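Just so it is clear: chains get the letters A, B, ... in the order the sequence lines come, proteins before strands, and each one is counted from 1. Note that this is a predicted model, so its numbers are computed, not measured.
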Protein chains: 2
Amino acid sequence: MGESVRERLSASLTTASKADRVLANFMLSELSSLPFETAASLASKVNVSEPTVGRFCRTVGYKSFKDLKDHLKQDIGQKPWLVSDRLHDLRDRAKAGEDQLAAGLELEISALVAIYELARSEEWARVVRRLATTQRVYAAGFQTERGMAQILVNQLQYLRDGVQMLDLAGGNFAELLASDPKQSCLVIFEARRYSRLSFELTKTAKAAGIPVTLVTDPFCDWGRDLVDEMFVVPTEFNQFWESTAQMASLANLLVNGVFLELGPKVEARMESVTQLYSQFTGYVGKPVNRTS
Amino acid sequence: MGESVRERLSASLTTASKADRVLANFMLSELSSLPFETAASLASKVNVSEPTVGRFCRTVGYKSFKDLKDHLKQDIGQKPWLVSDRLHDLRDRAKAGEDQLAAGLELEISALVAIYELARSEEWARVVRRLATTQRVYAAGFQTERGMAQILVNQLQYLRDGVQMLDLAGGNFAELLASDPKQSCLVIFEARRYSRLSFELTKTAKAAGIPVTLVTDPFCDWGRDLVDEMFVVPTEFNQFWESTAQMASLANLLVNGVFLELGPKVEARMESVTQLYSQFTGYVGKPVNRTS
DNA sequence: CAATATTTGTAAGTTTTCTTACAAATAGTC
DNA sequence: GACTATTTGTAAGAAAACTTACAAATATTG
C-alpha cells in the first residue's frame, strides 16, 4: 500500500459501512484540521463512538487514528495548510498580482470583523430583543438582497412563530402595513442600487410606528435618520460588483442572538419543526415520517 | 495577551533560558509540523526533557503543549485587515470566555480562507464555465439553504438569461428533470439535516445526465460520489447551530467568476435588467422610469 | 569562591487517548 | 419473519501524553 491518506479515504467510500462512510467523508472534507483532532473529538463530531474511529482507521490500513495523522504529515508535504500559512499564501499571490480574487479576501475578512463588532453594540442587543419578543416579525429584501431576507426568515422560523418574508407579490405590503404596529417589526436588507420599495416601505412603516432595522452597504444615504437601527456591512471586495455576502453572516449572528435570548424553550419548537419537515418532506437516511 | 503563537514564541526568544530558546527556535522553524508532535517527541528532537517542554509552553502563556497546538489551529497570524485595535478587544474577551461569539470570528475567517482556496481549484473553473455557458442554470436549496440558492439565482440573472430557482412548488422538478440534459445544469446548497429533496433531486438529475454541483457542510456523507463537484464549506462557528453564512460568499465568488468568463458582453444585459427594474419598480432618488 | 537563585532532568504520579472484549443493534438471507 | 452476519456502542483496561515533586546541575551575585 503506497497511496495517500486522501486516496485511501476516497477508496473506502465505495465499500465502507454507514458509520465508516460518514467518517471518511468528514475526514476528506476537513483534511487540514485533522491533525488537531483526536479520535474522541472526531467521534463526537460525526456522532459515532470512539472505537469506531479507531476501527475505521484500521480498515483503511492504519494502525490507529494517530497513525493516520502521522501519514497525513507525509502527504500534506509542503503545501501550506495551517490557516495562517494559507492566508499568507493567498495574500502573497494577491500581492504578486497572480490572483485578483485573493486581494478581496482581506477586505471580506475585515467586513466580518466589522459585523462581529456590530454584534456587540447596544443597537444590536435591542434588535435581537425585538426579534425575540415582537409578535410578528417581517423581513424584506429586493433584487439581489431578497435571498438575505429569506435566510433570516427561514432560520428565525425554526426558533419562533410569526416570522415571514415581505414581498410585493400581493401588490402592496398590507400584511405589515395594515397590522398592529405595536406587535410588528421589520428588517430590511438593502444595497445599491437602492430599490424604491425599500425606501417607500420604510417610510410607511415608520409613519405607522413600526420599528425598522436596516441592513445595508456603506453607500446608503437614505436610511440613517429614518430607521431605528442601521447596520452597515462593507461590500467592496475587489469583485466586479458589490458583494453583500457578509450580510448572511450578520443574519446568522442575529438568529444566534435570538436563540440565546429565547433560551431553552425554543427546543420544543425546533423539535416540532424538524418533525414536521420529516413528515412532509423527509431527511436523507430516514424514510418520510408518517407521524406513526 | 492576545498575540499569535508565532508572536509569543518570538517574544520569548529575548528573555528565555537556553533550553527554552532552543525550543522556541525549533518551534518557530517547524511551526507547521507542530501539530504532529507531542511534548515527548519534541523533547527528544531538541534534546531537552519532557517537562521542560511543558514548562516552556506555560511560560509563554499556554496551559500545556497541547494547549499551544490548539491555539495554532485557530491562529491566523498577522492581521493587516485590522484598522483599529478593536479586534484585540474582541479577542481578549474571547480568551476570557466572556464572549462566545468572538471565538467564532476566527473560525468564520478560516472558512473564508477555505472558500478562496476552493475558488482556485480545477473544479471551480469547471463549474464557472458551466454556469456561464449552459443554456439553463438551476439552483436549489431547501430549509435554511433556500436563501443561498436565491442569492445565486438573483445575481446570475443580472448576468445571463435562463437562470432560475428550483423548488417543489409544482410538486415535481419537471422544469429541470424533464428538460434537455445537455442544456441544463444544477447547483444545490445543502446542510444538515439533509433534505430528502436534495438527495432525490441529485440522484434523478445525475441519472438524466445533468451535471450537479453540491455546496454543502463537512458532515455531508451522501453527495461525494454522486455529484460532479462538491464544495465543502465549514459551518461550525461556535454558534448554537451550524451557520451556512459563508456559502453566500461562495455564491458571490461564483457569480464573479461567471462575470469574468462572460466578459464585456454582460454589460448590455445588466444595463437592460437595471432599466427594467427602474421601469417596473424604481430606484431611490429617481422616479419610476416610464421608458420615455 | 561560596552562597543563592535559576534552570533542567529523573522518576513517579495523573490525565487523556486509544484499544479490547463483549453485548446490543442493525442489516442481510433464506 | 426467524436466523445469521455484520456493524456499532458501552464499559473497562492498556498505553500514551502530560504534570508534579524533588533533586541535580548550572548560572548569578556579592
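- With sequence neighbours left out, the side chain to side chain donor-acceptor pair (under 3.5 Å) criterion links Asp221(B) to no other residue.
- In this structure, the side chain to side chain contact (heavy atoms under 4.5 Å, CB included) partners of Leu28(B), at least two apart in sequence or on a different chain, are Arg6(B), Leu9(B), Ser10(B), Leu13(B).
- Atom-to-atom, CG of Asp67(B) to C1' of dT15(C) comes out at 15 Å; the value is rounded to the nearest Å.
- No engagement by Arg21(B) is indicated, since no non-hydrogen atom pair under 4.0 Å with the nucleic acid exists.
- Contacts between residues 32-46 of chain A and DNA chain D, counted as heavy-atom distances below 4.0 Å, involve no residue at all.
- Ser41(B) pairs by the side chain to side chain donor-acceptor pair (under 3.5 Å) definition with Glu37(B), not counting sequence neighbours.
- Applying the salt bridge (Lys or Arg N to Asp or Glu O under 4.0 Å) rule to Asp167(B) yields the partners Arg146(B); only residues at least two apart in sequence or on another chain are considered.
- The CZ atom of Arg58(B) sits 12 Å away from the C1' atom of dA17(D) (whole-angstrom rounding).
- For Arg58(B), the side chain to side chain contact (heavy atoms under 4.5 Å, CB included) partners at least two apart in sequence or on another chain are Arg55(B).
- Legend: residues meeting side chain to side chain contact (heavy atoms under 4.5 Å, CB included) with Asp228(B), ordered by chain and number and at least two apart, are Arg130(B), Lys206(B), Pro211(B), Val212(B).
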Under a 4.0 Å heavy-atom criterion, the protein footprint on nucleotides 7-13 of chain D, written with B, S and -, is SBBBB--

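- Put simply, Lys66(A) has no side-chain N or O that comes within less than 4.0 Å of OP1 or OP2 on dA15(D).
- Considering only residues two or more places apart in sequence or on other chains, Ser29(A) meets the side chain to side chain donor-acceptor pair (under 3.5 Å) condition with Arg224(B).
- Each end of the helix from dC1(C)-dG30(D) to dC30(C)-dG1(D) gets its own rotation axis from five pairs of C1' atoms, and the angle between them is 30° to the nearest 10 degrees.
- Phe231(B) meets the ring pair (Phe, Tyr, Trp, His ring centres under 6.0 Å) test with Trp124(B); sequence neighbours excluded.
- Cation-pi geometry between Arg8(B) and Tyr62(B) is satisfied (NZ or CZ under 6.0 Å from the ring centre, within 45° of the ring normal).
- Between the CZ atom of Phe56(B) and the P atom of dC18(D) there is a distance of 15 Å, given to the nearest Å.
- Ala114(B) pairs by the side chain to side chain contact (heavy atoms under 4.5 Å, CB included) definition with Arg86(A), Pro234(B), not counting sequence neighbours.
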